[in-house]
There are 2 protein chains.
Amino acid sequence: MLINELSKRTGVAIPTLRYYENFGLFKGVSDETVTTNNYKDYDESIVEKIEMIKGAKEGGFTLSEIKKLLDSWYDKNLSNEKKTQVVLNKISEIDCKIQELKKVKKLLTECIVTIEKGGC
Amino acid sequence: MLINELSKRTGVAIPTLRYYENFGLFKGVSDETVTTNNYKDYDESIVEKIEMIKGAKEGGFTLSEIKKLLDSWYDKNLSNEKKTQVVLNKISEIDCKIQELKKVKKLLTECIVTIEKGGC
DNA sequence: TCAAAGTATACACTATACTATATACTTGTA
DNA sequence: TACAAGTATATAGTATAGTGTATACTTTGA
């Protein structure tokens with residue numbers, strides 16, 4: 001699909017997609033048989049990748065952190081053990097963030113009790 | 001406590017604390033009886049507030065979002081019902097972020113299976 | 001007492017993640 | 001075939017969240 005469709009499918013604005021591509025998060029391919037333009041084609045796997053990027057960003061990961069993960073994922077020179085390790089590390093970072101969020105949630109829940117008591 | 005101790009207690013750098021205070025996330029008080037300086041004093045509640053800020057930031061909330069929450073929390077003119085509503089909204093945002101992070105985690109877990117199968 | 005360390009304020013600078021603008025070329029449609 | 005809409009690239013500008021530097025004043029300890 002072309003960038004316009006990719007944007008519609010993911011809900012990410014075209015300039016942002018170009019920024020991401022430029023940042024190295026994914027890469028569209030120009031059809032070599034077409035010589036009149038260099039329009040890039042993005043496949044289904046890129047839609048999935050962007051969904052992952054959106055989720056990770058929502059959870060507070062930076063583009064650099066996301067890139068590092070994707071880079072090792074696609075690194076042919078990395079052993080499966082090392083790839084697994086990188087992914088496991090990211091999973092434990094996610095668990096950490098979830099714990100932090102739960103802590104904040106707990107604080108806010110306590111807040112509500114305080115409000116209802118008329119405190120504050 | 002003075003800013004130096006606050007920094008040590010929270011692990012947040014002094015310039016960052018000043019930035020937060022300036023942003024309006026909390027406010028130290030100058031002792032009116034001391035005329036020689038305007039050193040600010042920060043109490044325990046501010047330590048807690050900063051822990052909350054750290055957690056919220058880690059989970060991807062912006063300082064503006066955090067400020068909005070704190071502002072309504074300390075708004076004397078807001079009814080308890082409205083305060084509760086603001087806090088409940090924030091809690092559901094947190095749940096949303098947790099769901100997003102779990103989705104990413106699921107994706108990464110699937111990644112590991114794929115790696116182990118020798119795929120990619 | 002005086003020098004080092006701490007505090008406050010102001011302003012400049014940086015990094016991240018976009019967003020906008022300009023330009024040039026291509027494609028699809030009336 | 002003309003022209004609107006789509007695509008690519010480059011560059012500049014913006015917002016957020018700090019970090020660094022300079023200056024001035026205050027406190028504390030040898």
Side-chain angles (χ1 to χ4, degrees), chain A residues 1-43 46 49-71 93 97 100, chain B residues 1-43 46 49-71 93 97 100:
Chain A
M1 75 194 79
L2 294 180
I3 197 154
N4 190 31
E5 194 183 338
L6 183 64
S7 172
K8 276 172 186 147
R9 286 281 301 278
T10 60
V12 176
I14 291 175
T16 304
L17 289 173
R18 296 207 216 271
Y19 178 79
Y20 287 173
E21 179 162 9
N22 207 266
F23 195 91
L25 294 179
F26 56 80
K27 207 164 159 34
V29 285
S30 311
D31 187 339
E32 296 296 329
T33 64
V34 178
T35 52
T36 48
N37 69 35
N38 63 335
Y39 287 11
K40 285 175 193 151
D41 183 75
Y42 304 91
D43 63 22
I46 292 180
K49 236 186 235 186
I50 292 169
E51 289 305 327
M52 193 275 255
I53 293 167
K54 282 170 64 184
K57 267 186 54 61
E58 176 72 12
F61 287 101
T62 65
L63 295 186
S64 299
E65 289 169 323
I66 297 166
K67 181 170 157 49
K68 235 181 264 176
L69 179 69
L70 290 170
D71 280 353
E93 280 178 50
K97 275 184 197 289
E100 286 297 318
Chain B
M1 75 195 79
L2 295 179
I3 197 154
N4 191 30
E5 194 183 339
L6 184 64
S7 172
K8 275 169 189 149
R9 287 280 302 278
T10 59
V12 176
I14 292 176
T16 304
L17 289 173
R18 295 208 217 270
Y19 177 79
Y20 287 174
E21 179 163 9
N22 207 267
F23 195 91
L25 294 179
F26 55 81
K27 208 162 159 38
V29 284
S30 310
D31 188 339
E32 296 296 329
T33 65
V34 178
T35 52
T36 49
N37 69 35
N38 62 337
Y39 287 9
K40 284 175 191 152
D41 182 74
Y42 304 91
D43 63 21
I46 292 180
K49 235 187 235 187
I50 291 169
E51 290 305 328
M52 193 276 256
I53 293 167
K54 282 169 64 184
K57 266 187 53 62
E58 176 72 13
F61 286 101
T62 66
L63 295 186
S64 298
E65 289 170 324
I66 297 166
K67 181 169 156 49
K68 235 180 264 175
L69 179 67
L70 291 171
D71 280 354
E93 278 178 51
K97 274 184 196 294
E100 286 296 319

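Just so it is clear, the model here is predicted, and its values are computed rather than measured. Numbers restart at 1 for each chain; the letters A, B, ... are given by sequence-line order, proteins then strands.
With rounding to whole Å, I53(B) atom CD1 is found 17 Å from dT16(D) atom P. The distance from atom CG of L17(A) to atom C1' of dT19(C) is 13 Å, rounded to the nearest whole Å. Atom NZ of K67(B) is separated from atom P of dT16(D) by 13 Å (rounded to the nearest Å). Look at CD on E21(B): it is 15 Å from P on dG18(D), rounded to the nearest Å.
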Contact state string [nucleotides 6-12 of chain C, B base, S sugar-phosphate only, - no protein heavy atom under 4.0 Å]: BSBB---
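Residues satisfying the salt bridge (charged side-chain N to carboxylate O under 4.0 Å, His left out) test with K67(A), not counting sequence neighbours, are D71(A). Contacts of K68(B) classified as salt bridge (charged side-chain N to carboxylate O under 4.0 Å, His left out), with partners at least two apart in sequence or in another chain: none. With sequence neighbours excluded, no residue forms a side chain to side chain donor-acceptor pair (under 3.5 Å) with D41(B). Residues that satisfy the salt bridge (charged side-chain N to carboxylate O under 4.0 Å, His left out) test with R9(A), not counting sequence neighbours, are E44(A).
Scanning both residues, L25(B) and L70(B), for their nearest heavy atoms gives O-CD1, 3.5 Å.
Both P15(A) and N37(A) lie near DNA chain C, and the one whose nearest nucleotide falls closer to the 5' end is P15(A).
The existence of a salt bridge linking K54(B) and E51(B) is confirmed by a sub-4.0 Å separation between a basic side-chain nitrogen and an acidic carboxylate oxygen.
Within the structure, every side-chain polar atom (N or O) of T36(B) is placed at least 4.0 Å from both OP1 and OP2 of dC25(D).
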For nucleotides 14-18 of chain C, tabulate all protein N/O to nucleotide N/O atom pairs closer than 3.5 Å, reporting atom names and distance.
from    : atom 1 : to     : atom 2 : distance (Å)
dA17(C) : OP1    : L63(A) : N      : 2.7
dC18(C) : OP2    : Y20(A) : OH     : 2.8
dC18(C) : OP2    : K57(A) : NZ     : 3.3

side-chain contact (heavy atoms from CB on, under 4.5 Å) between L17(B) and F26(B), intermediate numbers included: CA-CA 9 Å; L17(B) 289 173; F26(B) 55 81; 4.3 Å; yes
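A donor-acceptor pair is defined here as one N or O able to donate and one able to accept, closer than 3.5 Å; no such pair exists between the side chain of S30(B) and the backbone of K40(B).
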